[in-house]
Undergrad: 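Structure incoming, see below.
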Amino acid sequence: METVLLTDEEVPQPILVLKGISKYFGGVHALEDVDFEVYPQEIVALVGDNGAGKSTLVKIIAGVHQPTKGQIFFLNQPVEIRNPHDAQALGIEIVYQELALIETRDVPANFFLGREPVKGRWGIFVDRKKMIEDTVRTLKELGIVLPSLRTLVRYLSGGQRQALAIGRVMPWGGRIIIMDEPTAALGVKESRRVLDLILRLKEKGCSVIVISHNMRHIFNVADRIVVLRGGRKVGDKKKSETTPDEIVKLIVGAEML
Ligand SMILES: Nc1ncnc2c1ncn2[C@@H]1O[C@H](COP(=O)(O)OP(=O)(O)OP(=O)(O)O)[C@@H](O)[C@H]1O
Ligand SMILES: [Mg+2]
């Protein structure tokens with residue numbers, strides 16, 4: 001058999017690398033010496049029991065928390081992600097749950113929350129026309145169907161809100177999109193739509209980090225599954241090389257079986 005050697009350029013390089021990350025909250029060791037990578041156009045599922053450190057890890061990537069120890073590299077360069085703004089500048093977007101939407105405002109307003117485009121000489125008028133155009137384009141690109149743009153968020157269903165929360169990170173050039181339990185509160189059909197949306201984001205060139213407790217959802221969309229237990233990484237498996245059974249065992253630990 002002929003051996004094919006890949007040159008350096010052909011070996012896929014991770015976009016994001018975390019090395020030896022620990023995070024202590026006082027005496028609580030939320031994360032201990034965790035290595036974590038994200039490759040281009042990859043969907044990584046982050047799994048583990050309650051309190052395993054999943055949210056803490058993604059919050060470090062999103063600039064919400066600072067690591068106690070460890071280093072972060074973005075495209076091979078060491079970086080410090082001191083706040084969410086730093087993360088956004090790198091193209092890292094975290095989807096906050098529907099809680100982060102404003103119920104009394106409509107779809108375009110929520111799409112651009114806090115980042116409204118302005119117009120006019122002094123840049124003081126919100127460019128509503130551009131907001132509507134951009135919202136319509138992104139919703140269409142992602143195949144998100146909402147009743148009407150003018151609908152106030154309070155009248156949207158849970159799944160529609162989640163789709164909006166995910167869709168609105170797209171126009172900001174997100175390269176890595178993080179979702180912390182996006183299907184936790186959703187029914188079967190609505191979850192399916194959110195999973196489709198995750199796959200669509202990947203098609204569009206994004207990488208996605210998704211936290212979920214639902215093994216079916218994970219095996220539906222993930223390319224790779226990373227398992228945390230008690231703040232440590234205990235598994236990092238390509239989906240094609242593992243099974244739900246093995247992942248569950250890694251989550252609970254051998255001592256529980
Ligand atoms: N801001 C904080 N201050 C103090 N302790 C914290 C803080 N955030 C998280 N922790 C602790 O860190 C540990 C990991 O929490 P984390 O929220 O990352 O878990 P998780 O894997 O997301 O769990 P879940 O599945 O329940 O959401 C827990 O023991 C938690 O109590
Ligand atoms: Mg969590």
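Keep in mind that this is a model prediction, so the values were computed, not measured. Each ligand, and each atom within it, is numbered from 1 in the order the structure gives. FYI, side chains are in, hydrogens and waters are out, and symmetry mates aren't considered; it's all heavy atoms of this structure.
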Undergrad: May I ask you to determine how many protein N/O/S atoms are under 2.8 Å from the Mg ion (ligand 2)?
TA: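 Protein N, O or S neighbours of the Mg ion (ligand 2) under 2.8 Å, waters not counted, come to 1.
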Undergrad: Can you find a side-chain donor-acceptor pair between Gln88 and His85 that sits under 3.5 Å?
TA: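 No, no side-chain donor-acceptor pair sits under 3.5 Å.
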Undergrad: Go through it in stages, so that I can follow the logic: the residues are Glu93 and Arg115, the test is salt bridge (charged side-chain N to carboxylate O under 4.0 Å, His left out), and I'd like the CA-CA distance, side-chain angles, deciding distance and then a yes or no.
TA: CA-CA 13 Å; Glu93 293 279 346; Arg115 308 195 226 196; 3.0 Å; yes
Undergrad: Would you mind listing every ring pair (Phe, Tyr, Trp, His ring centres under 6.0 Å) that reaches into residues 57-77, with sequence neighbours excluded?
TA: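 Counting only pairs at least two positions apart or across chains, the ring pair (Phe, Tyr, Trp, His ring centres under 6.0 Å) contacts touching residues 57-77 are Phe25-His65.
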Undergrad: Select all protein residues for which some heavy-atom-to-ligand 1 distance is less than 4.0 Å, and list them by chain and number.
TA: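 Ligand 1 is contacted, at a heavy-atom distance under 4.0 Å, by Phe25, Val28, Ala30, Asp49, Asn50, Gly51, Ala52, Gly53, Lys54, Ser55, Thr56, Glu181, His213.
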Undergrad: Distance from Ser207 atom OG to Ile176 atom CD1, nearest 0.5 Å?
TA: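 Reported to 0.5 Å precision, the distance equals 5.5 Å.
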Undergrad: Using the salt bridge (Lys or Arg N to Asp or Glu O under 4.0 Å) rule, pick out the option among Arg200, Arg193, Arg192 that qualifies with Asp196.
TA: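 With Asp196 as partner, salt bridge (Lys or Arg N to Asp or Glu O under 4.0 Å) holds for just one option, Arg192.
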Undergrad: Scan Lys130, Arg137, Lys129 and name whichever one has a salt bridge (Lys or Arg N to Asp or Glu O under 4.0 Å) with Glu133.
TA: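 That would be Lys129; it is the only one of Lys130, Arg137, Lys129 passing the salt bridge (Lys or Arg N to Asp or Glu O under 4.0 Å) with Glu133.
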Undergrad: Check the pair Val227 / Asp236 against side chain to side chain contact (heavy atoms under 4.5 Å, CB included), numbers first and verdict last.
TA: CA-CA 6 Å; Val227 188; Asp236 193 335; over 6 Å; no
Undergrad: With sequence neighbours excluded, tell me which residues meet side-chain contact (heavy atoms from CB on, under 4.5 Å) with Asn50.
TA: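 Asn50 satisfies side-chain contact (heavy atoms from CB on, under 4.5 Å) with His213 only.
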Undergrad: Determine, stepwise, if the pair Val194 / Ile166 fulfils side chain to side chain contact (heavy atoms under 4.5 Å, CB included).
TA: CA-CA 8 Å; Val194 167; Ile166 294 170; 3.7 Å; yes
